[in-house]
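Every heavy atom of this structure was used, including side-chain atoms; hydrogens, water molecules and symmetry mates were not. We count ligands from 1, going down the list as the structure has it; atoms in each ligand are counted the same way.
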Amino acid sequence: MKDLVFSGIQPTSDLHLGNYLGALKQWVAIQHDHPCLFCIVDLHAITVAQDPKMLRQNILGVAATYLAAGIDPKRSHIYVQSEVPQHAELAWILGTITKLGELERMTQFKDKSGKQGERVGLGLFSYPVLMAADILLYGSTAVPVGQDQMQHLELARVIARRFNERFGDTFAIPQALIQKIGNRIMSLQDPAKKMSKSDPMEGAKILLRDDAETIRKKIMRAVTDSGKGISYDPEKKPAVSNLMTLYHHASGKTMKEIEKEFAGAGYGDFKKAVADAVIGMLGPMQKRMLEFRKNPAELKRILDAGRDAATEQAEKMMRTVRTRVGLGRE
Ligand code: AMP
Ligand code: TRP
C-alpha cells in the first residue's frame with residue numbers, strides 16, 4: 001500500500017536552509033510517488049506570541065515557498081491548519097489520553113520554555129499533541145521532517161497505539177522520514193547549535209530569500225574548525241562538515257567527491273565554491289517565490305482547494321473518532 005505523507009512547517013518567520021534541506025526538499029521528491037498533504041501549521045505558530053498581521057503575511061509567504069520549492073498543487077494538497085478545525089478537535093481528544101510525564105520529557109518544550117517557569121503557556125506544553133493530531137487525522141504513515149522532530153513523532157506513535165488499544169483500531173502508526181545527510185543543518189556561527197528561525201545572531205542562518213551577496217557574506221564568514229583540510233567528520237570537524245552538507249545538496253556531489261575536489265585546498269576556496277553552489281540552488285526558487293507572491297489569486301485558489309480536500313478527509317476520520325469515543329449523539 002502507498003504511504004500517505006503528511007508534514008508541516010510553522011509560519012513563524014522566513015524559512016531557512018535547514019527547513020529546506022531537512023524538510024521541504026524531501027517533500028518535493030516524495031510527492032511523485034505518494035499522496036501528500038503539506039500543511040502550514042499556524043496553530044502551532046501561536047504557541048509562541050506572534051504579531052497577528054505578520055502571522056497572516058507569513059502564512060502566505062510559507063505557502064509561496066512550498067510552491068517555489070517545487071511542491072506541485074496538482075499532486076499534493078497545500079493548506080492552512082486553522083482552516084480545518086478538525087485538527088484542534090482531535091488534539092483535544094488526544095490530549096485526554098496523553099500523560100503529563102510524556103510531555104514533560106520533550107526536549108523542544110524544555111528548550112522553548114526555558115526560564116519561564118510557571119508562566120509557560122499550556123499551548124507550548126501540548127504542542128506535540130496537536131502535532132500528533134495533524135498526522136493521525138489523515139491516517140498518514142510517512143512524515144518527512146528534520147531530526148529535531150523525531151521525539152515528537154515517537155510520541156505521536158505512542159498516542160496512536162494507546163488510542164487504538166482503548167477504542168479499537170483507528171489510526172495508522174506513522175513513521176518519520178529523515179534525510180540521511182542534512183537532517184540537522186547547524187548554525188554557521190556555532191556548529192554545536194542547529195540552524196534555527198529564532199537565532200538572533202546575524203549570519204547564523206541562511207534565509208531562503210537572502211540575496212546572492214548576503215548568502216556569500218554569511219558563508220565566507222562562517223566559522224570553521226581548527227586544523228586544515230576538507231573532510232567529512234561531523235564529530236571532529238562539525239563546521240566544515242556542515243558546509244560540506246550544504247555543498248553536497250547544492251551540487252549533487254558525494255562527500256567522497258567533495259573531499260577529492262578540495263584535497264589540499266584552503267577554507268577560503270572551499271567556502272567560495274559552497275557559496276556559488278548555494279546561490280545557484282536558491283536563485284531559481286527565489287524567482288518563482290516572487291511570481292507566486294505577485295499572484296495572490298492563484299495562491300488563494302490553491303489554498304482553498306487544499307482546505308476543501310483536507311476537510312473532506314479530516315471529517316471522515318473525525319466521524320469515526322467521535323463514534324469510537326462516544327461523543328455527541330447518533
Ligand atoms: P520549524 O521551523 O520548526 O517549523 O521546522 C520545519 C521543518 O524544518 C521540520 O521538519 C524541522 O525538523 C525542519 N528543520 C528545522 N530546522 C532544521 C535544521 N536546522 N536542520 C534540518 N531540518 C530542520
Ligand atoms: N512541529 C513541527 C516543527 O516545528 C511542525 C509540524 C507541526 C509538523 N505538525 C506537524 C511536522 C506534523 C510534521 C507533521 O518542525
Considering only protein heavy atoms, which is closest to [atom], and at what distance to one decimal place?
atom                    : result
atom 23 (C) of ligand 1 : Gly18 O, 3.4 Å
atom 3 (O) of ligand 1  : Gln10 NE2, 3.5 Å
atom 11 (C) of ligand 1 : Asp148 OD1, 3.3 Å
atom 10 (O) of ligand 1 : Gly146 N, 3.1 Å
atom 20 (N) of ligand 1 : Ile185 N, 2.8 Å
atom 2 (O) of ligand 1  : Lys197 NZ, 2.8 Å
atom 15 (C) of ligand 1 : Asn19 ND2, 3.3 Å

Quick check: [X] and ligand 1, any N/O pair under 3.5 Å apart?
X      : value
Gln147 : no
Gly182 : no
Ile9   : no

(message) Tell me every residue that passes side chain to side chain donor-acceptor pair (under 3.5 Å) with Thr170, counting only those two or more places apart in sequence or in another chain.
(response) Arg324

(message) Has Ser140 got a side-chain atom pairing as donor or acceptor with Ala142's backbone, closer than 3.5 angstrom?
(response) no

(message) Could you check whether any side-chain N or O of Arg288 sits under 3.5 Å from a backbone N or O of Ala69, counting only pairs where one atom can act as donor and the other as acceptor?
(response) no

(request) Give a yes or no on whether Val240 and Met195 share a hydrophobic cluster (residues Ile, Leu, Val, Met, Phe, Trp, Tyr; joining criterion: side-chain heavy atoms under 4.5 Å apart). (result) yes

(message) Within the structure, is a non-hydrogen atom of His16 found at a distance of less than 4.0 Å from ligand 1?
(response) yes

(message) Ignoring hydrogens, what is the shortest heavy-atom contact between Asp148 and Lys194? Give both atom names and the distance.
(response) OD2-NZ, 2.7 Å

(message) Please find the pair of heavy atoms, one from Gly203 and one from Lys218, that lie closest to each other, and give the distance.
(response) CA-CG, 3.9 Å

(message) Working note: Asp42 + Gln50, criterion side chain to side chain contact (heavy atoms under 4.5 Å, CB included); need CA distance, chi angles, decisive distance, verdict.
(response) CA-CA 10 Å; Asp42 55 348; Gln50 303 291 330; over 6 Å; no

(message) Counting only heavy atoms from other residues, nucleotides and ligands, does the tally under 6.0 Å from CD of Glu298 exceed 12?
(response) yes

(message) Do Thr65 and Leu208 make a side-chain contact, defined as non-hydrogen atoms from C-beta onward lying under 4.5 Å apart?
(response) yes

(message) Counting C-beta onward and ignoring hydrogens, is there a side-chain heavy-atom pair between Tyr127 and Phe109 closer than 4.5 Å?
(response) no

(request) Please test Asp304 against Arg307 for salt bridge (Lys or Arg N to Asp or Glu O under 4.0 Å), starting from the C-alpha separation and ending with a verdict. (result) CA-CA 5 Å; Asp304 285 353; Arg307 174 202 59 210; 3.5 Å; yes

(request) Determine the sole option in Glu261, His248, Glu259 for which the side-chain hydrogen bond (donor to acceptor under 3.5 Å, both in side chains) test with Lys253 is passed. (result) Glu261

Residue [X] vicinity, atoms of ligand 1 by number, heavy atom under 4.0 Å:
X      : value
Met195 : 16 (N), 18 (C), 19 (N)
Val145 : 10 (O)
Gln149 : 12 (O)
Ala23  : 7 (C), 8 (O), 10 (O)
Gly22  : 21 (C), 22 (N)

(message) Tell me the contacting part of Asn183 for ligand 1: side chain, backbone, both, or neither, using a 4.0 Å heavy-atom threshold, strictly below.
(response) backbone

(message) Strictly by ring pair (Phe, Tyr, Trp, His ring centres under 6.0 Å), give each pair with a member in residues 62-99 just once, sequence neighbours left out.
(response) Trp27-Tyr66, Tyr79-His87, His87-Tyr138

(request) Check each protein residue for a heavy atom under 4.0 Å from ligand 2 and list those that pass, ordered by chain and number. (result) Phe6, Ser7, Gly8, Gln10, Val41, His44, Tyr127, Met131, Asp134, Ile135, Val143, Val145, Gln149

(request) Identify, with sequence neighbours excluded, every residue that meets side chain to side chain contact (heavy atoms under 4.5 Å, CB included) alongside Arg216. (result) Met220, Ala275, Asp276, Ile279

